[in-house]
Amino acid sequence: MTDNWNKAAETQELTEIQRLSEDINEIGINNEHKPPPAELDDNPADASLLMKIIRKGLIDTKNDLDIQRKDPNSPLYSVKSFEALHLKPELLKGVYAMGYNTPSKIQETALPTLIADPPQNMIAQSQSGTGKTAAFTLAMLTRVDTTKDYPQVLCLSPTYELAIQTGEVAARMAKFCPDISIRYAVRGEEISRGDKLKDHVIIGTPGKVLDWSLKFRAFDLSKIIVFVLDEADVMIAQQGHQDQCIRLQKHLSKKCQMMLFSATYEKKVMDFAEFIVPSPITIRLKKEEEVLDNIKQYYVKCRGQDDKYRAIANIYGVITIGQAIIFCHTRKTAGWLAGKMSNEVGSESVGVLSGDLTVEQRLAVLDRFREGHQKCLITTNVLSRGIDIDQVNIVVNFDLPIDQQGNADCETYLHRIGRTGRFGKHGIAINLIDSEQCMRICRDIEKHFGKKIMLLDAENSDEIEKIGT
DNA sequence: AAAAAAT
């Protein structure tokens with residue numbers, strides 16, 4: 001079986017996908033992070049000085065920004081450098097050590113407001129891969145008072161993997177602030193009854209945080225001064241997450257600063273966000289098209305499940321560079337697909353990740369994929385958001401994302417294909433279509449974003465072979 | 001349908 005496979009892969013002609021992935025190889029990877037030697041002075045960032053410095057760095061806001069605030073006459077500050085934020089020197093050092101040179105659009109716009117006093121609530125939208133995580137982690141860390149040993153900052157993520165990833169960003173950023181203690185509140189982390197947490201920063205998933213705060217009373221929600229919702233639209237709108245987040249939010253102090261971040265907010269979700277967050281500043285970088293400009297979108301016509309499998313197999317065969325993530329609608333399909341592929345290419349070459357696994361397994365699978373040992377990872381919506389893996393340049397929708405009513409789920413689609421094309425790199429999205437119903441959903445997605453999803457089909461192109469047949 | 005809390 002494996003021999004056949006390799007032969008097929010070897011004799012494969014130069015297909016569209018192959019050419020595209022070579023294309024990506026040429027333009028794609030650009031890791032020129034040269035942290036400038038930091039000229040640090042150690043003035044504390046007191047409020048008046050901070051405002052003066054921010055004022056100096058004031059730039060006009062371009063029309064790709066849409067900012068709403070209570071008092072439209074109050075100026076909104078923006079910074080062109082991390083120095084201008086006047087962070088604690090240790091924190092600035094951490095930022096440079098991570099390889100960040102200059103703030104991204106969302107960072108330069110959101111950060112001055114997020115770290116200014118008095119604290120202000122914010123709802124921010126910015127496309128995937130533009131540095132949202134770094135923006136809010138930095139804001140979180142600036143608020144920590146290490147002379148107090150109780151949790152002051154709470155960040156919630158929708159999945160285990162995302163919480164871990166965010167925690168790792170925070171830890172790297174706080175590398176030179178050894179006093180700051182960060183704690184994960186996720187599956188697999190346990191505390192005993194009566195424990196009182198002394199960590200300054202809690203990063204976790206809603207269930208565990210609820211458990212620790214309200215049930216075990218391991219920390220006091222009313223003492224939290226910064227409350228962050230990552231992937232805020234799912235957190236406040238998706239059943240299951242919604243009740244937990246709102247319940248937690250109700251226990252916060254009125255003075256607690258709230259930060260909501262996501263790449264997508266459906267209209268009514270944004271309305272709801274503005275309803276539950278007191279007088280928020282809303283920032284939207286409305287350039288969805290830019291993400292899509294970097295990603296070529298295709299669809300492949302298939303006759304059914306097995307046909308879709310053949311398409312995946314063929315795609316796998318032509319991946320020469322980079323990695324692919326394959327999204328399925330259910331854990332069962334993901335498991336089935338992974339099993340079938342493992343039989344053909346060996347179980348060490350393909351990964352599968354879903355909520356079926358234990359947290360230890362999930363961590364191991366993602367680590368293995370991150371290290372590049374596998375060309376492809378089969379998963380569910382659990383990985384549709386936020387996960388940042390450099391080498392991913394192909395996203396395949398084995399099943400298109402749909403909502404509870406069975407309609408196109410455009411938000412999830414954008415998040416899924418946003419796993420590639422991160423930070424301006426190029427990527428390919430391939431949708432497998434096996435029914436009229438699917439085709440209709442695909443057309444809806446195309447219409448929603450106003451971007452062509454092109455047919456990848458042997459009948460239409462003599463260069464494409466064996467895709468979906 | 002998946003995810004997130006143990007049970």
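Quick note on labels: first sequence line is chain A, next is B, and so on, each numbered from 1.
Across all strands shown, E161(A) has no heavy atoms under 4.0 Å from either base or sugar-phosphate atoms. Across all strands shown, S354(A) has heavy atoms under 4.0 Å from sugar-phosphate atoms exclusively, and none from any base. As judged by a 4.0 angstrom heavy-atom cut-off over every strand, G355(A) is placed among residues touching the sugar-phosphate backbone only.
In this structure, the separation between NZ on K301(A) and CG on L456(A) is 12.5 Å, given to the nearest 0.5 Å. Between the OG atom in S128(A) and the CZ atom in R385(A) there is a gap of 10.5 Å [rounded to 0.5 Å].
Residues satisfying the side-chain hydrogen bond (donor to acceptor under 3.5 Å, both in side chains) test with D230(A), not counting sequence neighbours, are none. Remark: K198(A) engages D149(A) in a side-chain contact (heavy atoms from CB on, under 4.5 Å) (not counting sequence neighbours).
Between T330(A) and R362(A), the residue whose closest nucleotide on DNA chain B is further toward the 5' end is T330(A).
The aromatic rings of Y309(A) and W336(A) stand perpendicular to each other, their planes meeting at an angle above 60°, with 30° marking the opposite boundary.
What you find for L353(A) and R362(A) is that their closest heavy atoms are CD1-O, 3.7 Å.
The nucleotide range of DNA chain B contacted by chain A, defined by atoms under 4.0 angstrom from heavy atoms of the protein and reported 5' to 3', is dA1(B) to dA6(B).
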